[in-house]
Amino acid sequence: MDKKLYLDCGSGISGDMFVAAMIDLGADPDALEKALDSLPADGFFVEISRVKKAGIDCCDFHVHLDDDCENHDHDMDYLYGNLTLAAGSGCSCHEEPDREEHHCHCHEEGHDGEAHHCCRQGKDHHYTHRGLAEILPMIDACDMTETAKALARKIFRIIGEAEAKAHDLPLDKVHFHEVGALDSIVDVVAAAVTFDSLHIKEVIVPKLTEGTGTVRCRHGVMPVPVPATVNIVSAYKIPMELTGAKGEYVTPTGAAIAAA
């Protein structure tokens, strides 16, 4: 029987949210570990754990970066302007924020236990911005199926086209900031390999649900939804409902996953 995936994005969608949902649906943990172990980048480790959101047990997928690789992409205090960075530090020290509003993955089928993936440290720290020319070879080097590689490449091309339109630049001149950072590359690779391992033949996305307000990025303070997300949902004709809730519920990576 062909499998169908129904993506209920009432709490938004991001790369880590999608990966956690795929793990809860029974994605192959060995395929995920093998792909991330072979990713040609250092300075990160992945933590997969069980958490409770609104009292519901679910999976949490979190990419931890060394300080030199940190870009605050998953740092809610930084993104929403609640954090003052130490002068000249370029990084932050803070307690783990409560992400319950934005990261709830509720499924009946679960993947038991915890898994941790650790990478070596040292060689990737100088890359804070990457273009497709740097990202696509990283994907090709990963130990995963050709269909997973094709999906990861497609996700990044969708993001690249959206960023190119936002900045009025040719695709090969776009350098990703938040999305080109190491944690987002890990998210996309993990999204592709977990989805592929489930052998899903059809995906149904009724709509995306987005918040309001502003979010901080490398370009400054941006309105929610950010331009790249708007460009993706417009290009792929994905219905998006804006709610009164504050915050970025749909990230460019999440929108690109839904589009891909």
Side-chain angles (χ1 to χ4, degrees), residues 2-27 51 53-61 73-74 76 79-80 98-110 150-166 178-179 184 187-188 190-192 194-196 198-215 217 222-260:
D2 290 343
K3 294 181 181 178
K4 296 182 181 181
L5 173 67
Y6 184 92
L7 273 180
D8 183 349
C9 299
S11 295
I13 182 172
S14 64
D16 55 331
M17 291 171 70
F18 180 83
V19 175
M22 296 302 98
I23 293 171
D24 260 349
L25 287 174
V51 296
K53 302 296 183 181
I56 304 299
D57 176 77
C58 53
C59 177
D60 184 74
F61 177 86
D73 190 34
H74 294 161
M76 297 302 146
L79 293 174
Y80 301 121
D98 180 5
R99 294 175 290 154
E100 180 166 328
E101 274 189 303
H102 306 277
H103 297 264
C104 184
H105 323 285
C106 303
H107 301 279
E108 292 182 357
E109 298 178 10
L151 179 57
R153 288 193 292 264
K154 184 176 182 180
I155 292 169
F156 266 115
R157 288 191 181 278
I158 290 171
I159 300 168
E161 290 164 358
E163 294 283 7
K165 181 178 180 180
E178 280 78 6
V179 174
S184 295
D187 280 347
V188 171
T194 53
F195 176 85
D196 177 67
L198 289 170
H199 306 293
I200 294 165
K201 301 301 182 184
E202 182 181 351
V203 180
I204 301 165
V205 186
K207 66 179 179 180
L208 304 182
T209 302
E210 177 64 293
T212 59
T214 59
V215 65
C217 70
M222 293 281 183
V224 174
V226 297
T229 297
V230 172
N231 290 341
I232 291 170
V233 299
S234 176
Y236 289 85
K237 297 180 173 56
I238 303 174
M240 185 163 69
E241 177 183 281
L242 300 181
T243 71
K246 295 293 184 181
E248 183 185 41
Y249 279 47
V250 180
T251 67
T253 301
I257 289 170

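Quick caveat, the model's predicted, so the values are computed rather than measured.
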Practice task
Nearest 0.5 Å please: distance from the CG atom of Leu25 over to the NZ atom of Lys3.
Solution key: 9.0 Å
Handout entry: pair Val250-Pro225: side-chain heavy atoms closer than 4.5 Å
Key = no
Fill in the blank from the handout: dist Ile159:CD1 -> Ile232:CD1 (nearest 0.5 Å) comes out at 6.0 Å
Exercise for the section: Enter the distance from Ser11:OG to Lys53:NZ here, rounded to the nearest 0.5 Å. Expected result: 11.0 Å
Exercise for the section: State, to 0.1 Å, how close Pro252 and Val226 come at their nearest heavy-atom pair, and which atoms those are. Expected result: CG-CG2, 3.8 Å
Exercise for the section: Would you confirm whether Thr212, through its side chain, and Ala245, through its main-chain N or O, come within 3.5 Å as a donor-acceptor pair? Expected result: yes
Handout entry: Donor-acceptor contact present, side-chain Thr194 to main-chain Ala190, <3.5 Å
Key = yes
Exercise for the section: Please examine the side chains of Asp2 and Lys4, heavy atoms only from C-beta on, and report whether any two atoms are closer than 4.5 Å. Expected result: no
Handout entry: Sub-4.5 Å side-chain heavy-atom contact between Leu151 and Asp196
Key = no
Practice task
Kindly check if the number of other-residue, nucleotide or ligand heavy atoms within 6.0 Å of CZ (Arg153) is above 12?
Solution key: yes
Handout entry: Minimal non-hydrogen separation, Ala166 against Pro227, with atom names
Key = CB-CB, 4.0 Å
Exercise for the section: For the pair Asp24 (side chain) and Cys58 (backbone), establish whether a donor and an acceptor sit closer than 3.5 Å, ignoring hydrogens and angles. Expected result: no
Completion exercise
Output for pair (Ile238 CD1, Thr229 OG1), nearest 0.5 Å, gives 10.0 Å
Exercise for the section: Give a yes or no answer on whether the side chain of Thr243 reaches the backbone of Glu210 with a donor-acceptor pair at less than 3.5 Å. Expected result: yes
Problem - For the student: nearest non-hydrogen atoms of Pro239 and Pro206, plus distance - result: CG-O, 3.6 Å
Problem - Heavy-atom side-chain proximity of Phe18 to Asp187 below 4.5 angstrom - result: no
Problem - Option from Leu7, Ile257, Leu5 for which side-chain contact (heavy atoms from CB on, under 4.5 Å) with Val205 holds - result: Leu7
Practice task
Measure the CG-OH distance between Leu208 and Tyr236 for me, rounded to the nearest 0.5 Å.
Solution key: 13.5 Å
Completion exercise
In this structure, CG of Asp60 is separated from CD1 of Ile23 (nearest 0.5 Å) by 9.5 Å
Exercise for the section: Check whether any side-chain heavy atom of Cys9 sits under 4.5 Å from a side-chain heavy atom of Tyr249, and report yes or no. Expected result: no
